[in-house]
Engineer: 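Okay, handing you the structure first.
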There are 2 protein chains.
Amino acid sequence: MRKHCPRIVIENYYEPCILYLLSRGPSYGYKIQQHIETQLSCGVNISNVYRCLSRLHKEHCVTKAHEPSEEGPDRVVYRITREGKTLLKDWIQDLNKQKQIVNKLINSCSEL
Amino acid sequence: MRKHCPRIVIENYYEPCILYLLSRGPSYGYKIQQHIETQLSCGVNISNVYRCLSRLHKEHCVTKAHEPSEEGPDRVVYRITREGKTLLKDWIQDLNKQKQIVNKLINSCSEL
DNA sequence: ATAACTATATTAAACTTGCATATAGATATG
DNA sequence: CATATCTATATGCAAGTTTAATATAGTTAT
């Protein structure tokens with residue numbers, strides 16, 4: 001018997017979370033990780049945050065800039081682009097669709 | 001610019017869908033595919049349905065039985081086990097948690 | 001006959017994930 | 001002053017997942 005459901009979905013879909021956070025202002029990997037963990041109460045694998053940011057940059061959804069820090073080493077600060085905002089909108093539509101499906105499943109199962 | 005969000009979550013998480021359908025009665029791969037598509041309006045890759053059923057069987061969450069069909073070739077009919085029902089319950093809990101996160105994201109973004 | 005539908009399953013390539021590891025500056029503690 | 005902890009970014013590898021293609025084969029309709 002398996003211990004548990006292997007993956008909780010949203011935890012593996014950093015993209016909309018990161019795009020959302022960046023839509024509220026520039027940020028960088030380390031800080032984004034902490035925001036997701038505190039604001040969304042999601043476990044985060046830091047590797048995936050950096051990988052996701054890389055991908056978004058390659059796809060022109062964010063810009064990249066090296067900036068000094070007062071608390072530690074330099075940061076790579078990301079800013080969302082117009083393309084990134086479009087992608088976020090698409091994500092929200094998909095999440096809405098998904099929400100309906102999840103609701104259908106949960107409601108159906110609660111009747112069991 | 002990427003065309004679209006690459007994956008909508010639930011479409012790739014057949015497991016709770018399949019477990020739910022099986023909790024309502026025995027079924028088989030081909031029929032499950034159609035049920036997910038019609039009842040949940042989800043696109044389904046049939047390969048993944050069979051693979052998911054295989055995995056569930058390997059983990060003793062479903063039983064397997066070859067049964068003849070009147071409309072085509074034999075079917076492999078699956079039935080959910082007690083372990084499968086437990087797994088479904090775990091899934092529902094996780095989906096509830098996920099739903100909250102998705103709501104938080106959607107609501108935050110709708111303010112933009 | 002032949003196409004379309006029913007039905008199951010595997011292969012190969014591409015992709016994703018988690019964990020480990022590497023690097024390195026800044027700060028705190030003993 | 002040495003060492004640990006925190007801040008910060010990034011990649012390699014093994015394992016797992018997904019998609020598309022392919023193989024097989026019985027049944028039904030035209």
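Here is how names work: the chains are called A, B, and so on, in the same order as the sequence lines, proteins then strands, and each is numbered from 1.
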Engineer: Which one, dC19(C), dA9(C), dA8(D), comes nearest to the side chain of Val76(B)?
Structural biologist: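 The answer is dA9(C), which lies nearest to the side chain.
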Engineer: Quick one: are Leu87(B) and Glu15(B) in side-chain contact, heavy atoms under 4.5 Å?
Structural biologist: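 Of all side-chain heavy-atom pairs linking Glu15(B) with Leu87(B), at least one is under 4.5 Å.
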Engineer: Quick one: pull up SG in Cys17(B) and CG in Leu22(B) and give me the separation to the nearest 0.5 Å.
Structural biologist: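 Here the rounded value is 11.0 Å.
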Engineer: For a quick check under 3.5 Å, do Arg75(B) and Ser69(B) share a side-chain donor-acceptor pair by atom type?
Structural biologist: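 Indeed, the side chains of Arg75(B) and Ser69(B) share at least one donor-acceptor pair under 3.5 Å.
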Engineer: Write down the distance between NZ (Lys58(A)) and C1' (dT16(C)), rounded to a whole number of angstrom.
Structural biologist: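 Distance check: Lys58(A) NZ to dT16(C) C1' gives 13 Å.
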Engineer: How many whole angstroms separate atom CD1 of Ile46(A) from atom P of dG12(D)?
Structural biologist: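 Distance check: Ile46(A) CD1 to dG12(D) P gives 18 Å.
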Engineer: Between Lys31(B) and Glu67(B), does any NZ, NE, NH1 or NH2 come within less than 4.0 Å of an OD or OE carboxylate oxygen?
Structural biologist: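 Between Lys31(B) and Glu67(B) there is no salt bridge, as every charged N stays at least 4.0 Å from the carboxylate O atoms.
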Engineer: Hey, does the side chain of Asn48(B) come within less than 4.0 Å of dT19(D)'s phosphate (OP1/OP2), counting only N and O?
Structural biologist: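 Yes, because at least one side-chain N or O of Asn48(B) sits under 4.0 Å from OP1 or OP2 of dT19(D).
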Engineer: Of all the nucleotides listed (dG12(D), dA20(C), dA21(D)), which has the minimum atom distance to the side chain of Arg51(A)?
Structural biologist: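 The answer is dG12(D).
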Engineer: Any residue in residues 26-36 of chain B with a heavy atom nearer than 4.0 angstrom to DNA chain C? Just list them by number, or reply none.
Structural biologist: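 Those residues are Tyr28(B), Gly29(B), Tyr30(B).
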Engineer: For the side chain of Lys64(B), counting heavy atoms from C-beta on, which of dT9(D), dA21(D), dA9(C) is nearest?
Structural biologist: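 The answer is dA9(C), which lies nearest to the side chain.
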Engineer: Within the side chain of Tyr30(B), is there an N or O that forms a donor-acceptor pair under 3.5 Å with the backbone of Ile46(B)?
Structural biologist: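 Absent.
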Engineer: Nearest 0.5 angstrom please: Cys52(B) SG to Tyr78(B) OH, how far?
Structural biologist: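 Output value for this atom pair is 10.0 Å.
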Engineer: Let me know the distance between NE2 of His57(B) and P of dA9(C), rounded to the nearest Å.
Structural biologist: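 Those two atoms, NE2 and P, are 11 Å apart.
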Engineer: Nearest to the Arg75(A) side chain among dT9(D), dT8(C), dT10(C), which nucleotide is it?
Structural biologist: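 Comparing dT9(D), dT8(C), dT10(C) against the side chain of Arg75(A), the answer is dT9(D).
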Engineer: Figure out the CG/C1' separation between Leu56(B) and dA9(C), and round it to whole Å.
Structural biologist: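 It is 16 Å, rounded to the nearest whole Å.
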Engineer: Between atom CG in Asn45(B) and atom P in dA13(C), what is the gap in whole Å?
Structural biologist: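 From Asn45(B) CG to dA13(C) P: 18 Å.
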Engineer: Looking at dA9(C), does its base get a donor-acceptor pair with the side chain of Ser47(B) below 3.5 Å?
Structural biologist: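 Under the 3.5 Å cut-off, the side chain and the base do not form any donor-acceptor pair.
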Engineer: Say you draw a straight line from CD1 of Ile36(B) to CG of Leu21(B); how long is it, rounded to the nearest 0.5 Å?
Structural biologist: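 Rounded to the nearest 0.5 Å, the CD1-CG separation comes to 6.0 Å.
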Engineer: Is there side-chain contact between Leu88(A) and Cys109(B), with heavy atoms separated by less than 4.5 Å?
Structural biologist: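 Leu88(A) vs Cys109(B): side chains touch.
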Engineer: Polar atoms only, N or O, under 3.5 Å: list the protein pairs with nucleotides 22-28 of chain C and their distances.
Structural biologist:
from: dT27(C); atom 1: OP1; to: Glu70(A); atom 2: O; distance (Å): 3.2

Engineer: Is the shortest side-chain N/O distance from Tyr50(B) to OP1 or OP2 of dA9(C) below 4.0 Å?
Structural biologist: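 Checking Tyr50(B) against dA9(C): no side-chain N or O falls below 4.0 Å of OP1 or OP2.
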Engineer: Would you find more than 12 non-hydrogen atoms of other residues, nucleotides or ligands less than 6.0 Å from Lys104(B) atom NZ?
Structural biologist: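 Counting neighbours around NZ of Lys104(B), more than 12 heavy atoms of other residues, nucleotides or ligands fall under 6.0 Å, so yes.
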